[in-house]
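Chain letters run A, B, ... following the sequence lines, proteins first, then strands; residues in each count from 1.
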Amino acid sequence: MAHTRIGDLLKNGTVGTLISLQGWVRTKREGKGVGFLEVNDGSCLASIQVVVDLESLGDALRQVATGAAVQVAGCLVTSQGKGQRVEVQAQTLTLVGPADAETYPLQKKRHSFEFLREIAHLRPRTNSFGAVFRVRNACAMAIHEFFQERGFLWVHTPLITTSDCEGAGERFQVTSLNLTQPGLPSTLDFAADFFGRPAYLTVSGQLEAEIMALAFTNVYTFGPTFRAENSNTSRHLAEFWMVEPEMAFCDLEGDADLAEAFLKHIFRAVLERCPEDMAFFQERISDRVLANAQTIIEQPFARITYTEAIAILEQSDRSFAFPVQWGMDLQSEHERFLAEVHFQRPVVVMDYPAGIKAFYMRLNDGDDPQRQTVRAMDILAPGIGEIVGGSQREERLEILEQRLESVGLHPADYWWYLDLRRFGSVPHAGFGLGFERLVQFMTGMGNIRDVIPFPRYPQNAEF
RNA sequence: UCCUCAGUAGCUCAGUGGUAGAGCGUCCGACUGUUAAUCGGAUGGUCGCUGGUUCGAGCCCAGCCUGGGGAGCCA
């Protein structure tokens, strides 16, 4: 008999039919004449109740404990008990893989996320992580859907790179040299290394995405990114996934428009496709999850310039640890005030001072030289902070060369990037979205390490 | 990396100088179409590590390790 996924049985299963299912036992309750198993196969949040007659299947049931893998065949019947529409009256119960109840770490109780992080190989079998990873999947699909519907090409930018997306943080070095040899690293000869020069794991696919955008008009990347920063926070990972759309013939306003439509689409899609999981987050993780999603979907994002943001902060009666001053980078406390207190919804902040942003961002025309700004755009989200960072790129060759020089970079190292400005240059723009931060934002999960199956962060790469 | 809080049973925690505790889990029993089942019993400890103070340290002191929260960096 073909096996049916539990989500299918609970939703569409016809009472009276014979079915077969496979999954892992969440709990077992045993009485005198009858026993109950709750079996989950990850297809949905709910487990299905399997009713086991002890006279016929008692021996088999005794082998089964929490955590065991089982296969059950039987009749789908209307539940006599409360709490579920249907249940399975077992005719056969097969133990596929036993689990020792004494040593199986997951108990029939609530566990802390800190503890579950230590058993990342088992935590996907919990309600919380089941919901997280189903929502994560739905987010990823919604992202592809959004771009594909709009004619964006999914492009694959390299993970190993020799270029540096300036300002994006510390890089992991990639080498085939034998670093355990004595005498290293003073004798390191990169000419003898695999690529003949130092190479790194990518910190951003943006520069290569620009190449592709200037051929395909609208493209996006969606893949892993690596930062060797010694960051120990609830919103940083050493390995994370990033989405980076890049659009030719597009300015900063178009960029912000796309980012807003993009976030709205993802929230709408996930709410529609994972209602049980989202209700679970609302109930168990944060009671603001659903209201937050509604705000994202229904309300237009606030949109201000950096200069206006500074004015709002200066006029607020808050006293900030970091004094507010034009030219400074916005601190966490400032971002939180803007998104959580002042606007209470996502805020797009545009036109940052040139001095605090990367070389490739387009200089605004007609600025006071003392207050030169660039066409940068950050989206600040309540509870998360910066979720999107983007800009219109500098498309003018001479100005880009000057910017490189002024920040101490060598234009020769960026010859191909500059070539894009020599041959058919057009205004273009894009942004980067931290995928895990999006999932955090969506689910209300407090720590980014709990929205990726196997988190990498300083001193941690166990699983 | 900095600031701060914490580390005691499988898990969540109480215990602030004098015999190591509770709830949950697990096991056994009872009971029951149960569903965070219920009731009774049992099981369970290098009190993070190292050193120090003291007649005596889970508790006080120092260093280290690990984890949480916040900050910086950023997505």
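Heavy atoms of A:Asn460 sit under 4.0 angstrom from primed sugar atoms or phosphate atoms, though from no base atom. The residue A:Ser234 sits close only to the backbone: its heavy atoms come under 4.0 Å of sugar-phosphate atoms, none of a base. Residue A:Glu30 is classed as a base contact, given a heavy-atom separation below 4.0 Å to a base. Residue contacts for A:Gln80: at a heavy-atom cut-off of 4.0 Å it reaches a base atom on one of the strands shown. As judged by a 4.0 angstrom heavy-atom cut-off over every strand, A:Ser112 is placed among residues touching the sugar-phosphate backbone only. A:Gly432 comes within 4.0 angstrom of sugar-phosphate atoms only, judged by non-hydrogen atoms across all strands, and of no base. Base contact: A:Leu237 has a heavy atom under 4.0 Å from a base atom. Using a 4.0 Å heavy-atom criterion, one finds that A:Phe36 contacts the bases of the nucleic acid, with or without backbone contacts as well. Among the protein residues, A:Gln89 comes within range of the nucleic acid bases, having at least one heavy atom under 4.0 Å from a base atom. Among the atoms of the strands shown, none is found under 4.0 Å from any heavy atom of A:Arg26. Across all strands shown, A:Val388 has heavy atoms under 4.0 Å from sugar-phosphate atoms exclusively, and none from any base.
Considering all non-hydrogen atoms of both residues, A:Val374 and A:Lys357 come closest at CG2-CB, 3.7 Å. Among all heavy-atom pairs drawn from A:Arg26 and A:Ser47, the shortest one is CG-OG, 3.7 Å. Closest of all the heavy-atom pairs between A:Ala65 and A:Ala99 is CB-O, 3.7 Å.
Nearest to the side-chain atoms of A:Ser79 among the listed nucleotides B:rC31, B:rG72, B:rG33 stands B:rG33. The nucleotide whose nearest atom lies closest to any side-chain atom of A:Glu229 is, among B:rC73, B:rU26, B:rG72, B:rC73. Residue A:Val34 places its side chain closer to B:rG33 than to any other of B:rG33, B:rU34, B:rG72. Residue A:Gln84 has its side chain nearest to B:rU35 when only B:rC74, B:rU35, B:rC11 are considered. Residue A:Lys109 has its side chain nearest to B:rU12 when only B:rU12, B:rA37, B:rG33 are considered.
The same atom, P, is picked in B:rC74 and in B:rG63; the two are 32 Å apart, to the nearest Å. One P atom belongs to B:rG44, the other to B:rU4, and the distance between them is 41 Å to the nearest Å. Using atom P as the reference point in both B:rC59 and B:rG18, the two lie 11 Å apart (nearest Å). For the C1' atoms, the distance from B:rC11 to B:rA36 is 15 Å, rounded to whole Å.
A donor N or O paired with an acceptor N or O is found under 3.5 Å between the base of B:rG33 and the side-chain atoms of A:Glu87. Between the base of B:rC74 and the side chain of A:His236 there is a donor-acceptor pair shorter than 3.5 Å. For A:Ser231 against B:rC73, a side-chain N or O and a base N or O form a donor-acceptor pair under 3.5 Å. For A:Gln107 against B:rG10, a side-chain N or O and a base N or O form a donor-acceptor pair under 3.5 Å. Applying the 3.5 Å distance criterion, the base of B:rU34 shares a donor-acceptor pair with the side chain of A:Gln49.
For the pair A:Lys108 and B:rG25, the criterion of a side-chain N or O lying under 4.0 Å from OP1 or OP2 is not met. Distances shorter than 4.0 Å separate some side-chain N or O of A:Arg29 from OP1 or OP2 on B:rA37. Within the 4.0 Å cut-off from OP1 or OP2 of B:rG72, not a single side-chain nitrogen or oxygen of A:Asn232 is found. Taking only side-chain nitrogens and oxygens, A:Arg235 comes nearer than 4.0 Å to OP1 or OP2 of B:rA71.
With respect to A:Phe216, the side-chain contact (heavy atoms from CB on, under 4.5 Å) criterion is satisfied by exactly one of A:Asn218, A:Val219, A:Leu214: A:Val219.
With respect to A:Arg123 and A:Asp450, a salt bridge is recorded, a charged nitrogen being found less than 4.0 Å from a carboxylate O.
For A:Asp351 and A:Thr305, the side-chain atoms include no donor-acceptor pair closer than 3.5 Å.
With a 3.5 Å ceiling on both atom-pair distances, B:rU54 lacks any Watson-Crick or G-U wobble partner.
Here A:Glu210 pairs with A:Gln206, A:Leu207, A:Glu246, A:Arg393, A:Tyr417, A:Leu420, A:Arg421, A:His428 under the side chain to side chain contact (heavy atoms under 4.5 Å, CB included) rule; sequence neighbours left out.
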